[in-house]
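Below is one structure, written out as structure tokens; the observations come after it.
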Amino acid sequence: MGETEKRIETHRIRCLSKLKMFLLAITCAFVSKTLSGSYMNSMLTQIERQFNIPTSLVGFINGSFEIGNLLLIIFVSYFGTKLHRPIMIGIGCVVMGLGCFLKSLPHFLMNQYEYESTVSVSGNLSSNSFLCMENGTQILRPTQDPSECTKEVKSLMWMYVLVGNIVRGMGETPILPLGISYIEDFAKSENSPLYIGLIETGAIIGPLIGLLLASFCANVYVDTGSVNTDDLTITPTDTRWVGAWWFGFLICAGVNVLTAIPFFFLPKTLPKEGLENNADIIKNENEDKQREEDKKEKYGITKDFLPFMKSLSCNPIYMLFILISVIQFNAFVNMISFMPKYIEQQYGKSSSDAIFLIGIYNLPPICIGYIIGGLIMKKFKITVKQAAHIGCWLSLLEYLLHFLSFLLTCENSSVVGINTSYEGIPQDLYMGNNVFANCNVDCNCPSKIWDPVCGNNGLSYLSACLAGCETSVGMGINMVFQNCSCIQTSGNSSAVLGLCDKGPDCSMMLQYFLVLSAMSSFIYSLAAIPGYMVLLRCMKSEEKSLGVGLHTFCTRVFAGIPAPIYFGALMDSTCLHWGTLKCGESGACRIYDSTTFRYIYLGLPAALRGSSFVPALIILILLRKYHLPGENASSGTELIETKVKGKKNECKDMYQKSTVLNDDELKTKL
């Protein structure tokens, strides 16, 4: 008897350690996949500038990840449970690493990045030929040379980023549905919310690392090491600056491959947590395996696919939850993907600073919210109906806070010839640009090249030539332009490279915006775990893997793919000045109408999220009437334990009863 108990205890410890090992491994997988995803989202602006493509095309590249994901999600979610789930996840991590490597390739296949400029950085600036010179010529102009135009296209190198993102999406496919279903199948039901909360915490640590990495890479010039950065006439705050976007993708590739290793050493199945002490556990496990194999041989692996799909389609709560998720994802994908660009354009920050601030202010509150949400579910044993109410009302509170963001604004940068006249008076943005005036009409300046300077009158100009500047002193970024006829000041008129700062009031507005964003992130993450529990508990246990996969599939198809594209197109519509390629064609946008940009960035997600509360209220009503299929699963372990205790008590009562009967018989005989 002692040997048997010792063997069972050893088996219990071994199974528990394997479950904890899987929990650690899947958390690391979530860290690596979200690290890659957050880094990709943070580098969208750099990719846009590197390849001189519009935001709508960048949105398509970003959405291509979802294309790769949806190609496999349904089949992986269903058939993955029939196969070895840990190994499937490990293979996915390796494929993600391959995708990240592909995205870095264009840097090694392209020539050095060349930004548009009227200022020569070749070394000889003594001629001042880039300044206002009557009857002179500019050394850098758009050209009609076909060979240079062909080079400017760069042979569509952005296609490597597109294909790499698709491959990364394919590799990420098995991690979420198979990882969550593995935890749900073998963890105690009361521990499941906590475990999922820990996994989601890993999904926050990854973006935090990714954003810090992106902030570092965005601050390093793309061709650093091969060019002399002292000769550059742009800084990280300039909209022509391109950071070392390729370097972070190489790091992401290595991390993903390393994360895959532990999954190849984990078992296919484990006993249910909490039932390891049962003496029949090994026997039951073997019987379950044999029954599963017999079922596969008799009916085939696809027998339950269509019935499960039909069952899920006829589940009103599940279908309404998918509708809510699609609407919410349309809002959040847009806000998350383009938040760095919004901070750049609205508050005048560099890409590096914007990414760093997002990581510092948003991710720690989300991490804390996930942990607290999981602990609350475990501590108070929240039911499905209670979880639905918690998720709904917390989301409503966060939604109302979102409207305060409309008040935290900054004015447009005053650029003469675009949104401001040469007299310093704001002008209608849509009356057409008038970049020439009497002060520069004879300077023979290029009218489309974006090389802004800030005059000492507080106004920005498209170039030093259009500001009427005749002389310059200094080299590189420290160059100062003097004798600028278009800059109206009482003293000597001068200008420096770059747009004018937006001032201390705008910096204060940014701080308010970030604090509000942190509060909203915490409340949203606090509601995420209860909401996810509603999704898991509204399905039968055997449908969970397919249900999670179908949910992910729908959010990819109807939100992840189209949202960045139409959102990017709307942002392109607010562009005030496009960059100019060598052929004279339009490149990436250099400056946006920040007011219209704000209404699109904040207003469209607000409208989408507001409409999602209608199906949410319908779910709350349905939960009063319907018995959820997975509700019993929330107490599956306790049910078995209760039955075992009931059997023990029944045996005890029978023994006591038999003892009493024997005493009565003895008394009667006496």
Side-chain angles (χ1 to χ4, degrees), residues 15-39 69 76-77 80 84-97 100 168 171-213 251-270 273 359 362-378 521 525-526 528-529 532-533 535-536 544-545 548 552:
C15 293
L16 184 63
S17 63
K18 288 180 179 178
L19 180 62
K20 296 295 189 287
M21 181 61 69
F22 178 83
L23 181 63
L24 177 62
I26 194 66
T27 302
C28 291
F30 268 73
V31 169
S32 65
K33 84 181 187 71
T34 53
L35 162 65
S36 305
S38 64
Y39 183 81
N69 199 284
V76 166
S77 299
H84 199 299
R85 280 180 280 187
I87 289 182
M88 294 281 290
I89 295 173
I91 294 174
C93 291
V94 173
V95 174
M96 281 198 301
C100 291
R168 184 175 71 88
E172 192 262 7
T173 304
I175 295 177
L176 176 63
L178 300 189
I180 295 297
S181 64
Y182 196 90
I183 292 294
E184 274 285 302
D185 287 346
F186 305 123
K188 268 187 178 181
S189 57
E190 66 267 25
N191 289 340
S192 180
L194 178 60
Y195 291 164
I196 293 177
L198 292 174
I199 292 173
E200 294 294 343
T201 301
I204 299 305
I205 295 175
L208 179 59
I209 299 173
L211 289 175
L212 293 178
L213 176 63
I251 294 178
C252 292
V255 171
N256 279 299
V257 172
L258 290 176
T259 303
I261 297 175
F263 290 102
F264 295 99
F265 300 95
L266 289 168
K268 180 180 179 181
T269 60
L270 290 172
E273 187 183 19
N362 288 76
L363 295 183
I366 293 177
C367 182
I368 295 171
Y370 277 136
I371 295 176
I372 294 178
L375 289 174
I376 290 175
M377 292 288 292
K378 175 179 172 62
S521 299
S525 62
L526 197 62
I529 298 299
Y532 206 74
M533 285 300 105
L535 172 65
L536 293 175
K544 285 181 182 177
S545 182
V548 172
T552 306

Next on the checklist: Run Ile87 and Phe263 through side chain to side chain contact (heavy atoms under 4.5 Å, CB included) and show every step you take.
Outcome noted: CA-CA 6 Å; Ile87 289 182; Phe263 290 102; over 6 Å; no
Item to check | Steps toward side chain to side chain contact (heavy atoms under 4.5 Å, CB included) verdict (Tyr39, Leu211) | outcome: CA-CA 6 Å; Tyr39 183 81; Leu211 289 175; over 6 Å; no
Next on the checklist: Determine whether Ile180 and Tyr532 satisfy the following criterion, side chain to side chain contact (heavy atoms under 4.5 Å, CB included), listing intermediate values before the conclusion.
Outcome noted: CA-CA 11 Å; Ile180 295 297; Tyr532 206 74; 4.1 Å; yes
Checklist entry - So Val94 and Asn256, side chain to side chain contact (heavy atoms under 4.5 Å, CB included) or not? Walk me through it. => result CA-CA 6 Å; Val94 173; Asn256 279 299; over 6 Å; no
Item to check | Pair Tyr182-Lys268, side chain to side chain donor-acceptor pair (under 3.5 Å): steps then yes or no | outcome: CA-CA 9 Å; Tyr182 196 90; Lys268 180 180 179 181; over 6 Å; no
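Applying the salt bridge (charged side-chain N to carboxylate O under 4.0 Å, His left out) test to pairs two or more places apart or on separate chains, those with a residue in residues 28-39 are Lys33-Glu172.
Residues Tyr195 and Lys20 have side chains in contact (heavy-atom distance under 4.5 Å, counting atoms from C-beta outward). Looking at heavy atoms from C-beta onward, Met96 lies in side-chain contact with Ser32 at the 4.5 angstrom threshold. Between Phe30 and Ile205, the closest side-chain pair of non-hydrogen atoms is not below 4.5 Å.
Contact between Pro86 and Leu266 at its shortest, heavy atoms only, is CB-CB, 3.9 Å. What you find for Cys100 and Arg168 is that their closest heavy atoms are SG-CD, 3.8 Å. Closest of all the heavy-atom pairs between Leu363 and Pro207 is CD1-C, 3.2 Å. Considering all non-hydrogen atoms of both residues, Ile26 and Leu23 come closest at CG2-O, 3.2 Å. Taking every heavy atom of both residues into account, Ser525 and Tyr370 meet most closely at O-CD2, 3.7 Å. Minimum interatomic distance between Met533 and Ile196 (heavy atoms only, all atoms of both residues): CE-CD1, 3.5 Å.
To the nearest 0.5 Å, atom CG of residue Leu212 and atom CG of residue Leu35 are 10.5 Å apart. Note that the CD1 atom of Ile199 and the CD1 atom of Ile175 stand 11.5 Å from one another [nearest 0.5 Å]. Here Met88 contributes atom CE and Leu178 contributes atom CG; the two are 6.0 Å apart, rounded to the nearest 0.5 Å. Note that CD1 of Ile366 is 10.5 Å distant from CG of Leu208, once rounded to the nearest 0.5 Å. The CG atom of Leu198 sits 10.5 Å away from atom CG of Leu24, with the distance rounded to the nearest 0.5 Å. Once rounded to the nearest 0.5 Å, the distance linking CD1 of Ile261 with SG of Cys28 reads 11.5 Å.
A donor-acceptor pair under 3.5 Å is absent between the side-chain atoms of His84 and the main chain of Phe264, judged by distance alone.
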